[in-house]
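In what follows, chains carry the letters A, B, and so on, assigned in the order in which the sequence lines appear, proteins first and then strands, with residues in each chain numbered from 1.
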Amino acid sequence: MVEIHPGIRENPNATKGNAMALLDRSEWYDIARATNWTPKFVTDAELFPDVMTGAHGVPAEKWEVYDEPYKTSFPEYVSIQREKDAGAYSVKAALQRSRIFEDADPGWRSILKSHYGAIALGEYAAMSAEARMTRFGRAPGMRNMATFGMMDENRHAQLQLFFPHEYCPKDRQFDWAHKAYHSNEWAGIAARHTFDDLFMARSATEIAVMLTFAFETGFTNMQFLGLAADAAETGDYTFSSLISSIQTDESRHAQIGGPALQVMIANGKKAEAQKLVDIAIARAWRIFGVLTGPAMDYNTPLEHRKQSFKEFMQEWIVGQFERALIDLGLDLPWYWEKMINEFDYQHHAYQMGLWFWRPTLWWNPAAGVTPDCRDWLEEKYPGWNDTFGKAWDVIIDNLVKGRPERTAPETLPIVCNMSQLPICAIPGNGWNVKDYPLDYEGRLYHFNSEIDRWVFEQEPTRYRDHMSLVDRFLAGQIQPPDLMGALAYMGLAPGEMGDDAHGYAWVDAYRQMRRAAE
Amino acid sequence: MALFPVISNFQHDFVLLLVPVDTENTMDEVAATAAHHSVGTRVAPQPDKVIRVRRQGAAEFFPRNARLAETDIRPMETLEFIFCDA
């Protein structure tokens, strides 16, 4: 009988008669991941250049107090991930013959398409970012956590490419799960611009703060929880299990940023940390506004909506994230109230842009403005009918009277030189649309808000040379210079261009109302 | 004559638009071009009104018959198009 020291347990995988003993993880973890050393052949600055670590001059020993709240070992990680993968893939296989794809509301299919196209390859970008933390993270714990995070993000990209792939023969818009980031489609440009800024072109510490803390803790972790619940509500258990599988990874590796912020703040770098957080939240909010806002308030069928996008943002993002910021000793971003004010209108404006410029999308946006939907919007956003409703009234009038050509785009919207999304706000009787221009080195830039312009002003050389879709059009890069030329430039082939999700069937309700009134 | 892009911020519309006009266009002609993309599209027509042009945030409108080339408007400057009494 092998005598086992307290704290040592028998290896459950060992074969009988060859018993091995393992220490509890807590007894060896700290020493095993103490991987800092004193380099002899190069200087520390050469091994960990500040430009790659983003340590802001905080020396290596100060980073050694970094204590990741979630600890795992490689065997534990592999075992859990294997179970997660098996779960997601087996649900997919079991439901292979279900008719959810055919039977789901077209608005739900649009959510899937927009999600996959905007997110799948963004996961690869996040994998590269995690790899940078793995190599250049100044704290051993950060490097260890990021190693797992890197593998997480690889898994997420693979899953979110594989799952939509089976739909490609049924609907070629699903091909954009892989295609979107390789195209010049405007939403693809917007996603690339944001993720290049927050994930790809940043140091390890900046990534810890901007990707894992601001973007993941602040937004995606919560958003994925909501999305998984919405999928289950809609009956799409395949997507629900996929998203849940991803979210559980997110909630772990999103914790890389918190301890990094603590180290920065403790070493007199609060202002630098605050700026990174402020920039990242500003940029993440725009992506959520255009992607999740219309998905929740317009594309999700009315009977499946649990809460409005505004309610979701207030409860989960503001409520939860405010506490996380304050607990770490950070301040709320200077624009916090302005951002919260945008919850009332920005995503409604994006929705109108998405629907009106629908041929430029890889998914079919649902209008989401049936009379019942409008009642719901008015209840959730008092004044909607007097503002956004006024503009939709004109669109609906054109559709009812057989003038669909008046609902087709003929020119380009001006896109923000930061978010790369249309500069838009409240129409109708609450009209408050405004350009926030900036003259920088002789070039006139346009921004959607004071917040977007502020981000640019923090580091103009980072952003100044990027050409928005409108800049490219004016530079003659889009030929012929018309809608068809623009669609070709964006890579949208026939059969891929977006159109109304419901084939305009929703307009019938208005036709009937008018007939009844006559 | 030269093509001249301006940005239309049209009263009651929800988005800024790229509008190509010509340096020889009068402000009324510039307004008509901008209106083509907004009025009857997402903005209800107001037939008894005229559409005047001003710089974003300015109180004064440009004279209706002023030609674009005669003003100091820059390419890609944002102009507001406002319904006014005729």
Open item on the list: Which atoms of D471(A) are under 4.5 Å from chain B, going by heavy atoms: the side chain, the backbone, both sets, or neither?
Closed with: neither
Task: Nearest-0.5 Å distance, CZ of residue F356(A) to CZ of residue F14(B) - done: 8.0 Å
Task: Distance, nearest 0.5 Å, that separates CD of E77(B) from CG of D435(A) - done: 9.5 Å
Task: side-chain contact (heavy atoms from CB on, under 4.5 Å) evaluation trace for V15(B) with M352(A) - done: CA-CA 9 Å; V15(B) 66; M352(A) 184 162 278; over 6 Å; no
Task: Greater than 12 external heavy atoms within 6.0 Å of E405(A)'s CD - done: yes
- [ ] Would you mind checking which part of Q11(B) comes under 4.5 Å of any heavy atom in chain A, side chain (CB onward), backbone (N, CA, C, O), both or neither?
- [x] both
Task: Nearest atoms (heavy-atom pairs only) where V39(B) meets R406(A) - done: O-NH2, 2.9 Å
- [ ] Identify the two heavy atoms, one from R74(B) and one from D439(A), that lie closest to each other, and give their separation to 0.1 Å.
- [x] NH1-OD2, 2.7 Å
Task: Heavy-atom pair count under 4.5 Å with chain B, highest-scoring of G353(A), P413(A), G428(A) - done: G428(A)
Task: Distance, nearest 0.5 Å, that separates SG of C416(A) from CG of L16(B) - done: 10.0 Å
Open item on the list: I'd like to know if the side chain of N398(A) and the backbone of G40(B) have a donor-acceptor N/O pair within less than 3.5 Å.
Closed with: yes
TODO: Kindly indicate, with the supporting measurements, whether the criterion salt bridge (charged side-chain N to carboxylate O under 4.0 Å, His left out) is fulfilled by R42(B) and D393(A).
DONE: CA-CA 8 Å; R42(B) 292 169 303 269; D393(A) 283 343; over 6 Å; no
Task: Part of I426(A) lying under 4.5 Å from any heavy atom of chain B - done: backbone
- [ ] Hey, could you give me the CD1/CD1 distance between I7(B) and I423(A), rounded to the nearest 0.5 Å?
- [x] 6.5 Å
Task: K49(B) atom NZ, over 12 foreign heavy atoms within 6.0 Å - done: yes
Task: L474(A) and M76(B): CA distance, side-chain angles, deciding distance, side-chain contact (heavy atoms from CB on, under 4.5 Å) verdict - done: CA-CA 10 Å; L474(A) 293 170; M76(B) 292 301 285; 3.5 Å; yes
TODO: Please flag which part of F473(A) lies under 4.5 Å from any non-hydrogen atom of chain B: side chain, backbone, both or neither.
DONE: side chain
Open item on the list: I'd like to know if D13(B) pairs up with K390(A) as an ion pair, taking the criterion as any Lys NZ or Arg NE/NH1/NH2 lying under 4.0 Å from an Asp or Glu carboxylate oxygen.
Closed with: no
- [ ] Pick one of side chain, backbone, both or neither for V470(A), based on which atoms fall under 4.5 Å of a heavy atom in chain B.
- [x] side chain
Open item on the list: Using side-chain contact (heavy atoms from CB on, under 4.5 Å), reason through I82(B) and W431(A) one step at a time and then give a plain yes or no.
Closed with: CA-CA 11 Å; I82(B) 308 292; W431(A) 184 59; 3.8 Å; yes
Task: Contact class of P45(B) relative to chain A, heavy atoms under 4.5 angstrom - done: neither
Task: Distance, nearest 0.5 Å, that separates CG of L18(B) from CG of L412(A) - done: 6.0 Å
Task: Whether H446(A) side chain and T78(B) backbone form a donor-acceptor pair below 3.5 Å - done: no
